[in-house]
Amino acid sequence: MHSQHLTAFATQRYLSLESFKRDGTPVQTPVWFAEDQGILYVYTLANAGKVKRIRRHPRIRLALCTMRGKVTGPWVEAEATIVDATTAAHGHALLHHKYGWMKGMGDLFSRIMQRERVVIAMRLRV
């Protein structure tokens with residue numbers, strides 16, 4: 001972890017990703033995440049609302065949260081990008097390392113259901 005803001009995320013399992021609708025309304029989603037060299041990675045279904053919102057407007061906010069999404073820390077500004085296949089593979093590997101069998105079960109379910117997934121890379125705006 002490189003930034004003092006990232007240090008707070010080091011031992012946590014969930015963060016709230018806040019993206020914005022066309023009209024500016026915020027939408028918060030609790031997600032798993034992994035960090036590498038100052039970049040936070042999450043994965044989600046390719047057709048998820050947050051993916052559509054991030055493609056339209058990459059400015060997001062992040063905060064620590066519980067599994068159910070109750071925010072437990074301060075919000076920080078970030079920029080999000082939907083990554084290419086090579087970077088996505090790296091993000092998935094980091095997430096698998098952090099979440100182990102739970103991530104493996106999610107991967108299996110996604111393959112069985114033939115659900116396309118994407119990885120989102122996020123950099124804090126400091």
Side-chain angles (χ1 to χ4, degrees):
M1 300 266 164
H2 295 94
S3 152
Q4 69 181 41
H5 294 288
L6 280 176
T7 303
F9 292 92
T11 60
Q12 303 302 309
R13 298 186 64 76
Y14 303 96
L15 62 79
S16 182
L17 188 160
E18 184 179 76
S19 55
F20 300 90
K21 293 182 179 182
R22 288 181 200 269
D23 67 4
T25 304
V27 179
Q28 297 173 7
T29 309
V31 292
W32 284 351
F33 70 97
E35 184 271 343
D36 185 41
Q37 298 183 16
I39 301 172
L40 298 170
Y41 296 91
V42 303
Y43 82 105
T44 189
L45 295 177
N47 63 351
K50 65 182 145 302
V51 173
K52 295 171 190 172
R53 291 187 295 273
I54 287 169
R55 281 193 172 120
R56 187 172 45 255
H57 188 72
R59 185 183 67 85
I60 59 169
R61 294 193 323 155
L62 304 171
L64 297 176
C65 72
T66 66
M67 178 174 64
R68 299 206 183 266
K70 181 180 181 215
V71 174
T72 60
W75 288 100
V76 294
E77 299 285 326
E79 293 281 331
T81 305
I82 311 303
V83 301
D84 62 29
T86 302
T87 307
H90 177 66
H92 280 295
L94 292 167
L95 288 156
H96 186 76
H97 178 74
K98 183 172 181 177
Y99 294 97
W101 67 268
M102 293 184 297
K103 171 76 165 76
M105 292 299 291
D107 291 346
L108 177 63
F109 183 73
S110 289
R111 275 195 301 277
I112 290 170
M113 299 301 291
Q114 298 179 349
R115 293 181 163 180
E116 183 184 354
R117 299 169 302 158
V118 297
V119 171
I120 302 168
M122 302 168 296
R123 288 186 185 271
L124 298 187
R125 296 172 61 192
V126 185

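Basis for what follows: all heavy atoms, side chains included, without hydrogens, waters or symmetry-related copies. Please read these numbers as outputs of a predicted model, since none were measured by experiment.
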Arg13 versus Tyr99: any side-chain heavy-atom pair under 4.5 Å?
-> yes
Looking only at non-hydrogen atoms, find the nearest pair between Cys65 and Ser16 and report the distance.
-> SG-N, 3.4 Å
Lys NZ or Arg CZ of Lys98 over Phe33 ring: under 6.0 Å, within 45° | yes
Check Val76, Leu40, Thr72 against Leu15 for a side-chain contact (heavy atoms from CB on, under 4.5 Å) and give me the one that passes.
-> Leu40
Determine all donor-acceptor pairs shorter than 3.5 Å in which one atom belongs to a side chain in residues 114-126; sequence neighbours excluded.
{"residue": "Arg117", "atom": "NH1", "partner": "Asp107", "partner atom": "OD1", "Å": "2.4"}

Verify the neighbour count for atom CE of Met102: are there more than 12 heavy atoms of other residues, nucleotides or ligands below 6.0 Å?
-> yes
Are Val71 and Met67 joined in one hydrophobic group, where the rule is that I, L, V, M, F, W and Y side chains link up if heavy atoms are under 4.5 Å apart?
-> no
Once the angle between the rings of Tyr43 and Trp32 is folded into 0 to 90°, is it parallel (under 30°), tilted (30 to 60°) or perpendicular (over 60°)?
-> tilted
Would you kindly confirm whether Leu64 and Val27 end up in one hydrophobic cluster when ILVMFWY residues are joined by side chain heavy atoms under 4.5 Å apart?
-> no
Enumerate, atom names and distances included, each donor-acceptor pair closer than 3.5 Å involving a side-chain atom of residues 51-63, sequence neighbours excluded.
{"residue": "Arg53", "atom": "NE", "partner": "Ser19", "partner atom": "OG", "Å": "2.7"}
{"residue": "Arg53", "atom": "NH2", "partner": "Ser19", "partner atom": "OG", "Å": "3.4"}
{"residue": "Arg59", "atom": "NH1", "partner": "Glu77", "partner atom": "OE1", "Å": "3.3"}
{"residue": "Arg61", "atom": "NE", "partner": "Glu18", "partner atom": "OE1", "Å": "2.5"}
{"residue": "Arg61", "atom": "NH2", "partner": "Glu18", "partner atom": "OE1", "Å": "3.1"}

Taking atom CG of Asp36 and atom NE2 of His97, what is their separation to the nearest 0.5 Å?
-> 10.5 Å
Consider only side-chain N and O atoms of Thr86 and Asp84, and report whether a donor and an acceptor are under 3.5 Å apart.
-> no
Between Thr87 and Tyr41, the two heavy atoms sitting closest are CG2-CE2, 3.9 Å
Are Tyr14 and Leu45 connected in a single hydrophobic cluster, I mean Ile/Leu/Val/Met/Phe/Trp/Tyr linked by side-chain heavy atoms less than 4.5 Å apart?
-> no
Side-chain heavy-atom pair Val31, Thr44 within 4.5 angstrom cut-off = no
